[in-house]
Amino acid sequence: MTHLNPIVLFFYFAAAAGISMFSMNPVIQIFSLAGALSFFFLRNAGKRTGMHLPLFLLALLAALLNPLFQHNGATVLFVLNGNPVTKEACIYGAVTALMLLATLYWFRSFSELMTSDKILYLFGRISPKIALLLSMAMRYIPLFGAQLKKTAQTQKAMGYFKEDNAMDRIRGYMRVFSVTVTWALESGIVTADSMEARGYGEGKRSSFAVFRFYRKDGFYLMLIGALFLISVYGLATEAVAFQYYPTFGAQAPSFISTLTYIAYIMLAFLPTAAEAGEKIKWKYLQSKI
Amino acid sequence: MEILTIENLSFYYPMNQTPTLKNLSFSVEEGEFLTVCGATGSGKSTLLRLLKKELAPIGERKGEILLEGSPIAEVNSASEIGYVMQHPEQQIVTDKVWHELAFGLENRNLPQNEIRRRVAEMASYFGMEDLFFRDTSSLSGGQKQLLNLASVMVMNPKILLLDEPTAQLDPIAASDFIATLHKLHREFSLTVILIEHRLEEVMPLSDRLLILENGELFAFEPPKEAVKKLENRADLLLSMPCAVRVSHALSGNGKKEVLPLTVREGREWIRRTYRNKIQTLSEEMLPKRKKVLEWDRVFFRYEKNGADILSNLCFSVCEGECFCILGGNGAGKSTMLGVTSGLLKPYSGTVRLFGKKLKEYTNGSLYKQNLAYLPQDVTTVFLRNTVRDEFEDSDVSLADFPYDFSSLLEKHPYDLSGGERQLVALAKILAAEPKILLLDEPTKGLDAYAKAEIIAVLHALKEKNVTVIAVTHDTEFSAEIADRVALFFRGELISSDTPKKFFSENRFYTTPVSRMTRGYYENTVTVSEAVSLCLANGEKGEKE
Amino acid sequence: MIVIRNASARRILRMVLPFVLIPAIVALGIFAVESQYHTLVSFLVAVCSILLFLCGFEKKKIGSRRLVIVAVMIALSVVGRMFPIIKPVTAFAVLSGMFLGSEAGFLVGSFSALISNFYFGQGPWTPFQMLAWGLIGFFAGILAFPLKRSRLFLYFYGILAAVLFSLLMDVWSAVWLAGEFLPSLYVAKLLTSLPHTALYAVSNVIFLILFAKPFSEKLGRIKIKYGV
C-alpha cells in the first residue's frame, strides 16, 4: 500500500472512511472497524504504537451521550432526571461509537501513510502555488525551531533566565520568540531573492512530483472505485437501510444488500490483504535466497 | 569571445551622494574564471547583484551591462545567469532535496518528464542520489551549499555568479565546494565570477583577479600581474595568500621578479632567495599560572542510547591564557563549549570553574561576571531593534570597550556587515565583564580585515587577564592569538602545545606558512615569523 | 468557470461567500437533511469551503516576498504551537489578516492547522480546525482598518475569535460524538468547553498585546528595507 500513488491512497481512505462516516449502518460499521484495526495492527505489529485506551474511552463516551440527549424512540428503558432513556437511542449511540472508533483508526493509518510530501503532492494537483507555499512552510519549521532553541540557549548563557523566577522566564521566552520572528522575516527576504533569481513569478509554473502513476496504481484505483460505487449504490437505494426511530429495524436481506456488504467487506480489508500479501511474498523470496 | 561587457557602470544607492560604483568598464571572456576581491564596502556585492537583474539593488544606475551583446534587462536572466549567495540555509526554498532541484524548472513551466530527466542528471553529477529524498533541513552546511549550486546549474546557465559561497562553511566543505566549482568550470567551460576571501585556494584557479577599491577598479588582470600592484598596500595585502604576503613584506621595493602565489611557489622562492643558517626563532616560555577551568573525566551524550560525544575529557586552562581548539566537524568541539557554559549537562565527570563545580553555580551566577559564551551564530545574541538598545541595560559605558563602535549605534543589528556584527556581539558579551570567554568559531565568515580587528581585540583582552577558550577551524587565526593549541578528535583532546610546536609538528592541521617553510626553517607558523627569519638570515649571494 | 468582470462585484462576492453561503449551507445541512447524514454534510461543507478558497488563491498572482512572508508566518505559528506555554496560532492568523490581507489571514490560519496536525495527528477534525482558524484570519483581514486603528477592538476581536472557534469546533465535536446534530448536546458541549474557551480568549489577548506593536514594526521594517 505504501508504494501506491498518493491519489490512490487518498481515494482509498476517503472511500473506506467516508462510507463509514456516511452511513449509520451497524453491519458496515463493524466491518469498517475490523478492517481499520486489522490494517493498523498488521502494519504496526510488534511496534509501540502509543495510545489506544483514550480512543476507546472516547467511543464509550459517544455511546453514552446519545441516550442522554436523544429522547426519541419507542422503548423506554428507564427515566433519568425526568428524561426517558430509550433502547433505540442506546443502539444509535453504540453504532456511533463503532463509527467513531473506525474513523479514528482509519485516520491513524492515514497519518502514517500519507506523509507530508504526499499531502503536498495532492495539493499540488489542485494548486501548484499552495503546494509551493506548504513546501516552503515545511522547510521553515525545522529552521525556525532550531533558531529558537539556539537563541534561547545563547540568552541563557548571557544570564537572561533566572531559574527561580517564573515571570522572568516567561518574559525571556517571549523576547526570544519575538526576536525569532524578526529573524525569520529577515531570512525570508533572502529566500525570496533566491526564488526570484531562479525565475519565480515570471509566469505560469508547473508542479513537479516524484510520485508517478504506474499500471498497478490504475488497477487499484479501478478496484477501489468499483467497490466504492457498489457500496454507495446499495446505500443510496436503501437496500441496506436501518431504521432507528421510533423502533429499531432493518430491511430484509436481498441480493443487493448481500452484494453491498460483500463489496464493503472487500473494500475494508483490501489494505490488510495487500499488506499481508506483500509480507508473505517477502518471506517466500527470502527463503529462496 | 566576450560574454559579459560592462561599460562606464556607476551606481548610487538612494539618498547617497557618493557613488558605490564609479565608472567601471571591463569585459569577461567566455569560459573565464574571474575572482573579485576588495574590502567590505568596496562595492563587490553591489557589482555582482547588478549583473543579475532580479537581485539588482534599488538605486540609480548609469552605464551599460551587456550579456553576449544584448542589454541585461532583455536577457532571460533566470536561466542564463546563475547566482549563489553566502548563506546556505536561507537560499533553500523547499523542504525536499528533489523539490529544490526542480524548483527553477517548475518556474519555467517545463513538462514533468523533462524536469525528471534534468533533475536526475544533476543529482547524479553532484553525487546527490542518496540525498534525493531527504529533507533539506537535515543536510550539513556543505551539502546545502552544493545543493544550492546544483539547483542553479540545473537551469543550465551560461554564467555563474557567486557571492562568498564558502564563507559559512568549514574548511573541508569549502574545499569541496571550490573543487566542484573548478570541475564545472573545467568540464563545461562555464564562465564563473566569484567573490571570495579564501584566496589561498581560489587564486591558482583564477584566470584574472578583479580588485575593487571604493567602487573603482584597482586591478583587473591575471593574479601574477595583479599582486605586483599591491606594493605598499598593507590593507589590500591582508587578504592575499600567505606566499604573497611574505614575499611582499620581504622584497619590498622595486623587485621586478615574478612573485609566488601558492604555498609551493612560496616554498621554492624562499629556498632560492634566502639562506637558512638560523633555523628557528627563540620562544618565550609561559610562566606557570593558576588553573581556572578544569575538566575531569567528562562524558556527554545527547541521547540515552546515542554515542558519546565527549568521552573521558580531561584538561585544564590557566588564568589569562588563550586556548584554541581545532578539530573536524562532529568532533564535539561545540558540545564541549556547551558543557563548559553549563547549557549541557555531562552524565559523568565534573567541570570546575575557579575550583568550584559548575553545578554549584545556581541561578545564573555562572554567567555575567564569571563566564560568557559567544555562539557561532551571533545573530542569536541580539534581541532589540538598534545596537543602542542592546546596550541599554548594561552599566558599562561605551567608552570602556577596547574598540569603538559608536558609529553603529543607530543601526539595526541585522543590518550590520558580518565583521561589524561580530564585534558588536562580542561587545555585548563583554559588557558583563566576564573573566572567562568562550568563543565558537569567532572568525567564521569574516574577511581578513574584520579578522585582524578581532585578533587585536583578543590581544587587548589578554592584557586584562581575561581567559579565552576559542573553538575554531582557522589555523592562521589560532597561530596569531593562542598561547596553547589543542586538537579535538572524537570527544577527546588528542594533543595540546604552543602554536609553534603544535603547527610545526602537524602536517595537515597547520598554517600555510608552516607548510611553506617546513624543512627549511623550523617552528615558523605565522607570516611575521617567516619574514623575521628570512630577514635574519639574509638573501643568498649577499655578503654575510 | 464563471468569470465576473466587474472588480467591485467580485470583491463583494468574495466577502459575501464566507459570511452568508457557508453558514447557510451549515444551517441547511443541519435542519433539512436527515439526521443520519449530519456528520457527512458538516464534513463536506468544511472541505468544500476550503477547496473553494484555495482555487481562488491559485488564480491570483502573488509575489515571491508575499508568498515567503505567508510561509514564514505559517511556520512560526506551527513552531509556536509546539513550544511550551506559547499557543499563538489565532494571534498569528489575526495579525497576518490585519497586515497582509484577508487572503493571507485565511492561509496562515488554515495551513497552520493542517501542518501542525502533521505533528499532533490528523483526524476528521482537521478540516474544521482549518476552516475555523482560516475564517478568523479572513475576517481580521476584512476588519483590518478598525483593527489597526483601535487597540481595544483588536483585543475584543481576540476574545471573539476564541468564541467563534469554540462555536465552530463544537458543531463538529457534537455532531461527531452523537452521530447527529442534537441542539441540546451542542449547548451542553459549548458550556463544558467554556473554561477552555475563556482560557483561549485570555491567551489570545495576551498574545495580541505582546505582538501587535512589535509585529507592525517588524513588518514595517521589512517593507521599508526591501519594499514588499
Side-chain angles (χ1 to χ4, degrees), chain A residues 116-117 120 128 131-132 134-143 145-147 149-165 172 175-176 178-180 182-183 186-210 212, chain B residues 52 54-55 76 78-79 82-83 85 87 89-96 98-99 102-112 115-116 119 132-133 135-138 148 151-152 155 338 341-343 362-364 366-368 371-373 375 377 379-385 414 428-429 432:
Chain A
S116 57
D117 50 335
L120 252 153
L132 178 63
L134 279 174
S135 174
M136 288 164 66
M138 295 294 293
R139 183 257 166 294
Y140 277 137
I141 289 165
L143 186 67
Q147 181 73 13
K149 209 167 151 194
K150 271 197 291 187
T151 311
Q153 294 237 304
T154 306
Q155 297 301 328
K156 195 178 161 205
M158 288 171 73
Y160 243 104
F161 304 120
K162 294 230 167 55
E163 279 153 26
D164 60 351
N165 189 337
R175 269 197 178 172
V176 167
S178 165
V179 79
T180 308
T182 317
W183 181 87
E186 200 83 19
S187 63
I189 297 303
V190 181
T191 317
D193 275 349
S194 157
M195 287 167 73
E196 302 242 318
R198 283 187 275 157
Y200 174 81
E202 283 182 357
K204 206 172 149 44
R205 23 188 347 265
S206 56
S207 180
F208 174 64
V210 281
R212 299 171 78 170
Chain B
K52 177 90 181 156
E54 293 89 347
L55 303 180
N76 177 8
S79 47
Y83 196 101
M85 298 178 240
H87 290 277
E89 287 276 3
Q90 293 160 6
Q91 289 172 72
I92 294 177
V93 178
T94 64
D95 64 334
K96 299 280 181 201
W98 60 263
H99 198 180
F103 177 76
L105 302 174
E106 283 183 342
N107 290 335
R108 291 181 53 200
N109 202 15
L110 293 179
Q112 290 271 334
I115 298 184
R116 180 165 287 121
V119 161
F132 200 63
F133 288 103
D135 282 343
T136 48
S137 59
S138 71
N148 287 324
S151 40
V152 163
M155 314 270 291
S341 57
L343 295 171
T362 47
N363 230 340
L366 177 60
Y367 307 116
K368 305 235 161 163
L371 184 144
Y373 166 58
D377 177 2
T379 51
T380 59
V381 168
F382 304 117
L383 293 177
R384 313 296 279 275
N385 284 332
Y414 291 167
K428 195 177 173 198
I429 303 280

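Chain letters run A, B, ... following the sequence lines, proteins first and then strands; every chain starts at 1.
- Proximity to chain A involves both the backbone and the side chain of B/Thr94, based on heavy atoms less than 4.5 angstrom apart.
- Heavy atoms of B/Phe132 lying under 4.5 Å from chain A belong exclusively to its side chain.
- Looking only at distances, no side-chain donor or acceptor of A/Arg175 sits under 3.5 Å from a matching main-chain atom of B/Leu383.
- Chain A forms more heavy-atom pairs under 4.5 Å with one residue of B/Ser341, B/Gly338, B/Ser151 than with any other, namely B/Ser151.
- Taking B/Arg108 as the reference, nothing meets the salt bridge (charged side-chain N to carboxylate O under 4.0 Å, His left out) condition, with sequence neighbours excluded.
- Only the side chain of B/Asp377 comes within contact range of chain A, judged by heavy atoms closer than 4.5 Å.
- Put simply, the side chain of A/Phe208 does not reach to within 4.5 Å of the side chain of B/Leu105, judged on heavy atoms.
- Heavy-atom minimum distance, A/Pro142 versus B/Ser137: CG-OG, 3.3 Å.
- What you find for B/Leu110 and A/Ser206 is that their closest heavy atoms are O-OG, 3.1 Å.
- Interface remark: of the candidates A/Leu134, A/Asp117, A/Val179, A/Val179 forms the most heavy-atom pairs closer than 4.5 Å to chain B.
- For B/Val93 against A/Met136, the heavy-atom pair with the smallest separation is O-CG, 3.3 Å.
- Of all the listed residues (B/Asn385, B/Ile115, B/Asn148, B/Ile429), the one sharing the greatest number of non-hydrogen pairs under 4.5 Å with chain A is B/Ile115.
- Here the closest non-hydrogen pair linking A/Arg212 and B/Arg116 is CG-NH2, 3.3 Å.
- Taking the side chain as every heavy atom from C-beta outward, B/Thr379 and A/Gln147 approach each other to under 4.5 Å.
- No other option in B/His99, B/His87, B/Gln90 has as many heavy-atom pairs under 4.5 Å with chain A as B/Gln90.
- In this structure, chain A has a heavy atom under 4.5 Å from the side chain of B/Leu55, while its backbone stays farther away.
- Side-chain atoms of B/Gln112 come within 3.5 Å of backbone atoms of A/Ser207 as a donor-acceptor pair (strictly under, hydrogens ignored).
- With a 4.5 Å cut-off on side-chain heavy atoms, B/Phe103 and A/Arg205 count as touching.
- A donor-acceptor contact shorter than 3.5 Å links the side chain of B/Lys52 to the backbone of A/Ala197.
- Neither the backbone nor the side chain of B/Ser138 comes within contact range of chain A; no heavy atom of the residue lies under 4.5 Å from a heavy atom of that chain.
- Interface remark: of the candidates B/Met155, B/Glu106, B/Glu54, B/Glu106 forms the most heavy-atom pairs closer than 4.5 Å to chain A.
- A/Tyr200 and B/Asn107 make their closest contact through N-ND2, 3.3 Å (heavy atoms, listed as atom of the first residue, atom of the second, distance).
- When B/Val381, B/Asp95, B/Val119 are compared by the number of non-hydrogen pairs under 4.5 Å with chain A, B/Asp95 comes out ahead.
- Scanning all heavy atoms of the two residues, the minimum distance from A/Gln155 to B/Thr380 falls at NE2-O, 2.8 Å.
- Put simply, OG1 on A/Thr182 and CZ on B/Arg384 are 11.5 Å apart, with the number rounded to the nearest 0.5 Å.
- Within the 4.5 angstrom heavy-atom criterion, only side-chain atoms of B/Asn76, from C-beta onward, approach chain A.
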